[in-house]
Chemist: 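Before I ask anything, here is the structure I am working with.
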Amino acid sequence: MAEAEQSLVLWDIDRTLLYVGEIDRQVYRETFAEIVGRPAERLPARGTGVTMPLAIRSLILHNGVPTSDVPRLLPRMVELLPRCLATHEEALRERGVLMPGAVSALKAVHEQTHCVPTVVTGNLRPNALLKLRVFGLDAFLDTEIGGYSSDDEHRPALVAVAQERAQAKFRAAFTRSNTVIIGDSLEDVRTGVEGGASVIGIASGKTTARELAAAGADAVLDSLEDVPRLLGEVMTLARPSTMK
C-alpha cells in the first residue's frame, strides 16, 4: 500500500456540534425516578463536559442517596439512560439544534484526505450515536474508532482509546503530535492536555474564549463558522503521521 499521511481529529458533540436543550436533563430525571423511586431535586450542572457516568454519580449523591448505594445504583442507571434517551428521539429531532457552522466544518474536515475524523465525548456510546444519527452528522465521522464514556468515565483516557482504535484500523501511529480535539468546554481542554492531544477550543458553549485559552487550548475560535481558519488550525496542530 502506498504511504499516506494521517491526522486524528476528535470532535466533541454537545454544544460543539449540536445542542439538545433540556432533553438530556429530562432523561436524567426519568432515569433517577425509575431506579431510585422518587423525583430528583437536583440535576447535574449544565455544559460542564463531564462524562455521563460521573454526572450520574453526582446526580445520585446530590439527591440524598447514601454513598454505600452508589455501586449498586450507578450501573443500573448507566444501563437505563440510553434506553430513556431513545424514547425521546422525535423530541431530539424537533427541538435539538445544530451549532452554527457545524455541518460545514464537519464536511470540510471530512474532505481532507489525510484527516481521520471521529469523536471523543462524555456521552455514553449509544447516546452519542443516536444524537449524531438524528442530526445526520454520522456521515462525516468514523464513529467506530471514537472514544466514549462507555469506555472510561475518566475523560482524558478517551484520547488513548480513540488513538489505539484508529491505529489498529489505519495502521498509523497517533500521538499528541498528530491528534487534535475540537470542543467547547474546560473538560475538552483538560482531555487534550492530560490525555495527549492538541485542543481547538470553540466558544460556543458556556465557556468563554478567554477561559478556554487560559485553561490551555492551543487555539480558540468563536464558532465553527470560520471554516478556513478551523482547517488552518487543524493542519498546524495535528501534523500528519505516515501510514506504515
Side-chain angles (χ1 to χ4, degrees), residues 10-63 65 70 72-99 102-103 106 117-155 157-158 161-162 182-185 187-188 191 204-206:
L10 307 175
W11 289 92
D12 174 54
I13 296 177
D14 292 302
R15 297 179 186 258
T16 298
L17 295 175
L18 55 88
Y19 179 58
V20 300
E22 287 292 314
I23 297 173
D24 272 336
R25 294 170 70 78
Q26 178 61 28
V27 169
Y28 281 128
R29 290 188 186 94
E30 293 173 3
T31 302
F32 183 89
E34 176 69 22
I35 298 299
V36 180
R38 57 178 170 81
E41 296 179 0
R42 297 180 61 186
L43 296 176
R46 302 172 187 266
T48 62
V50 300
T51 60
M52 283 187 168
L54 291 182
I56 293 170
R57 187 186 306 276
S58 72
L59 174 67
I60 294 171
L61 293 175
H62 292 164
N63 282 279
V65 177
V70 173
R72 176 175 60 87
L73 298 178
L74 181 60
R76 294 173 59 195
M77 294 182 70
V78 168
E79 180 181 1
L80 179 60
L81 196 77
R83 299 206 300 269
C84 281
L85 182 65
T87 66
H88 292 275
E89 180 172 345
E90 193 58 34
L92 288 172
R93 187 171 287 108
E94 292 177 354
R95 307 206 309 263
V97 295
L98 287 165
M99 300 303 292
V103 173
L106 278 170
T118 185
V119 296
V120 159
T121 174
N123 281 274
L124 298 167
R125 188 174 191 275
N127 296 46
L129 297 183
L130 176 60
K131 290 176 182 179
L132 294 171
R133 178 174 57 79
V134 164
F135 286 88
L137 304 183
D138 51 340
F140 309 114
L141 297 160
D142 187 338
T143 55
E144 179 181 294
I145 61 170
Y148 307 89
S149 64
S150 308
D151 300 307
D152 199 309
E153 67 177 27
H154 181 56
R155 192 159 178 170
L158 301 181
V161 170
I182 303 173
D184 70 283
S185 72
E187 275 295 290
D188 292 308
T191 297
S204 54
K206 294 178 70 64

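Only heavy atoms go into these numbers, but all of them, side chains included; no hydrogens, no water, no symmetry mates. Throughout, residue positions are numbered sequentially from 1 according to the sequence presented.
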Chemist: So, taking the atom named CZ in Phe32 and the one named CG in Leu73, what distance separates them when rounded to the nearest 0.5 Å?
Modeler: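 One finds 8.5 Å between CZ of Phe32 and CG of Leu73.
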Chemist: Please step through side-chain contact (heavy atoms from CB on, under 4.5 Å) for the pair Ile23 and Leu85, ending with a clear verdict.
Modeler: CA-CA 8 Å; Ile23 297 173; Leu85 182 65; 4.1 Å; yes
Chemist: I want to check something: taking the side chain as every heavy atom from C-beta on, are Thr118 and Leu10 in contact at a cut-off of under 4.5 Å?
Modeler: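 Counting from C-beta outward, Thr118 and Leu10 do come under 4.5 Å.
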Chemist: Could you state the interatomic distance from OH (Tyr19) to CE (Met99), rounded to the nearest 0.5 Å?
Modeler: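 Rounded to the nearest 0.5 Å, the OH-CE separation comes to 9.0 Å.
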Chemist: Walk me through it: do Arg83 and Glu30 pass the test salt bridge (charged side-chain N to carboxylate O under 4.0 Å, His left out)?
Modeler: CA-CA 11 Å; Arg83 299 206 300 269; Glu30 293 173 3; over 6 Å; no
Chemist: Do the side chain of Thr31 and the main chain of Tyr28 share a donor and acceptor less than 3.5 angstrom apart?
Modeler: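 No, Thr31 side chain to Tyr28 backbone: no donor-acceptor pair under 3.5 Å.
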Chemist: Compare all side-chain heavy atoms of Val36 with those of Ile60 and state whether any distance is below 4.5 angstrom.
Modeler: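 No, side chains not in contact.
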Chemist: Give the C-alpha distance, both sets of side-chain angles, the deciding distance and a yes or no for salt bridge (charged side-chain N to carboxylate O under 4.0 Å, His left out) between Arg95 and Glu22.
Modeler: CA-CA 9 Å; Arg95 307 206 309 263; Glu22 287 292 314; over 6 Å; no
Chemist: Check this for me: Glu41, atom CD, are more than 12 non-hydrogen atoms of other residues, nucleotides or ligands nearer than 6.0 Å?
Modeler: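 Not more than 12 within 6.0 Å, no.
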Chemist: Are any of the side-chain heavy atoms of Glu34 and Arg76 separated by less than 4.5 Å?
Modeler: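 In short, these two side chains do not touch, never coming nearer than 4.5 Å.
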Chemist: I'd like to check Met52 versus Asp24 (side-chain heavy atoms, cut-off strictly below 4.5 Å). Are they in contact?
Modeler: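 In short, these two side chains touch, coming nearer than 4.5 Å.
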Chemist: Checking side-chain polar atoms at under 3.5 Å, does Ser185 have a donor or acceptor matched by the opposite partner on Asp188?
Modeler: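 Indeed, the side chains of Ser185 and Asp188 share at least one donor-acceptor pair under 3.5 Å.
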Chemist: From Leu17 CG over to Leu141 CG, what is the distance, rounded to the nearest 0.5 angstrom?
Modeler: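 CG of Leu141 is found 7.0 Å from CG of Leu17.
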Chemist: Could you go through the side-chain contact (heavy atoms from CB on, under 4.5 Å) check for Ile56 and Leu74 one step at a time?
Modeler: CA-CA 7 Å; Ile56 293 170; Leu74 181 60; 3.4 Å; yes
Chemist: Please report the interatomic distance CD(Gln26) to CG(Leu43), rounded to the nearest 0.5 Å.
Modeler: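 Interatomic distance, Gln26 CD to Leu43 CG, rounded to 0.5 Å: 9.0 Å.
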Chemist: Are the side chain of Thr51 and the backbone of His154 linked by a donor-acceptor contact shorter than 3.5 Å?
Modeler: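 No.
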Chemist: Which heavy atom of Ser149 sits nearest to which heavy atom of Gly122, and what is that distance?
Modeler: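 What the structure gives for the nearest pair is OG-O, 2.8 Å.
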Chemist: Testing Val103, Leu18, Leu130 for side chain to side chain contact (heavy atoms under 4.5 Å, CB included) with Phe135, which one passes?
Modeler: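 Filter result, single survivor: Leu18.
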Chemist: Do the side chains of Asn127 and Ile13 get nearer than 4.5 Å, heavy atoms only?
Modeler: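 Ile13 does not reach Asn127 side chain to side chain.
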Chemist: Within the 4.5 Å heavy-atom criterion, are Arg46 and Arg15 side-chain neighbours or not?
Modeler: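 Side-chain contact under 4.5 Å: yes.
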Chemist: Looking at Gly49, is its backbone amide N or carbonyl O close enough to the side chain of Arg155 to form a donor-acceptor pair, meaning the two atoms are under 3.5 Å apart?
Modeler: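 Flag set: sc Arg155 to bb Gly49 pair under 3.5 Å.
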Chemist: Taking side chain as C-beta onward, heavy atoms only, is Phe140 less than 4.5 Å from Pro117?
Modeler: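 No - every pair of side-chain heavy atoms lies 4.5 Å or more apart.
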Chemist: Any idea which heavy atoms bring Arg125 and Ser150 closest together, and the distance?
Modeler: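 Here Arg125 and Ser150 meet closest at N-OG, 2.8 Å.
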Chemist: Measuring from Arg72:CZ to Met77:CE, what's the distance to the nearest 0.5 Å?
Modeler: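 Here the interatomic distance stands at 11.5 Å.
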Chemist: So Val27 and Leu81, side-chain contact (heavy atoms from CB on, under 4.5 Å) or not? Walk me through it.
Modeler: CA-CA 7 Å; Val27 169; Leu81 196 77; 3.3 Å; yes
Chemist: Could you tell me whether the side chains of Asp184 and Thr16 share a donor-acceptor contact shorter than 3.5 Å?
Modeler: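 On atom types as modelled, these side chains qualify, holding a pair under 3.5 Å.
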Chemist: Less than 4.5 Å apart, any side-chain heavy atom of Thr143 and any of Tyr148?
Modeler: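 Result yes, sub-4.5 Å side-chain heavy-atom pair found.
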Chemist: What is the distance from atom OG1 of Thr121 to atom CD of Glu187, rounded to the nearest 0.5 Å?
Modeler: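 Thr121 atom OG1 to Glu187 atom CD measures 11.5 Å (nearest 0.5 Å).
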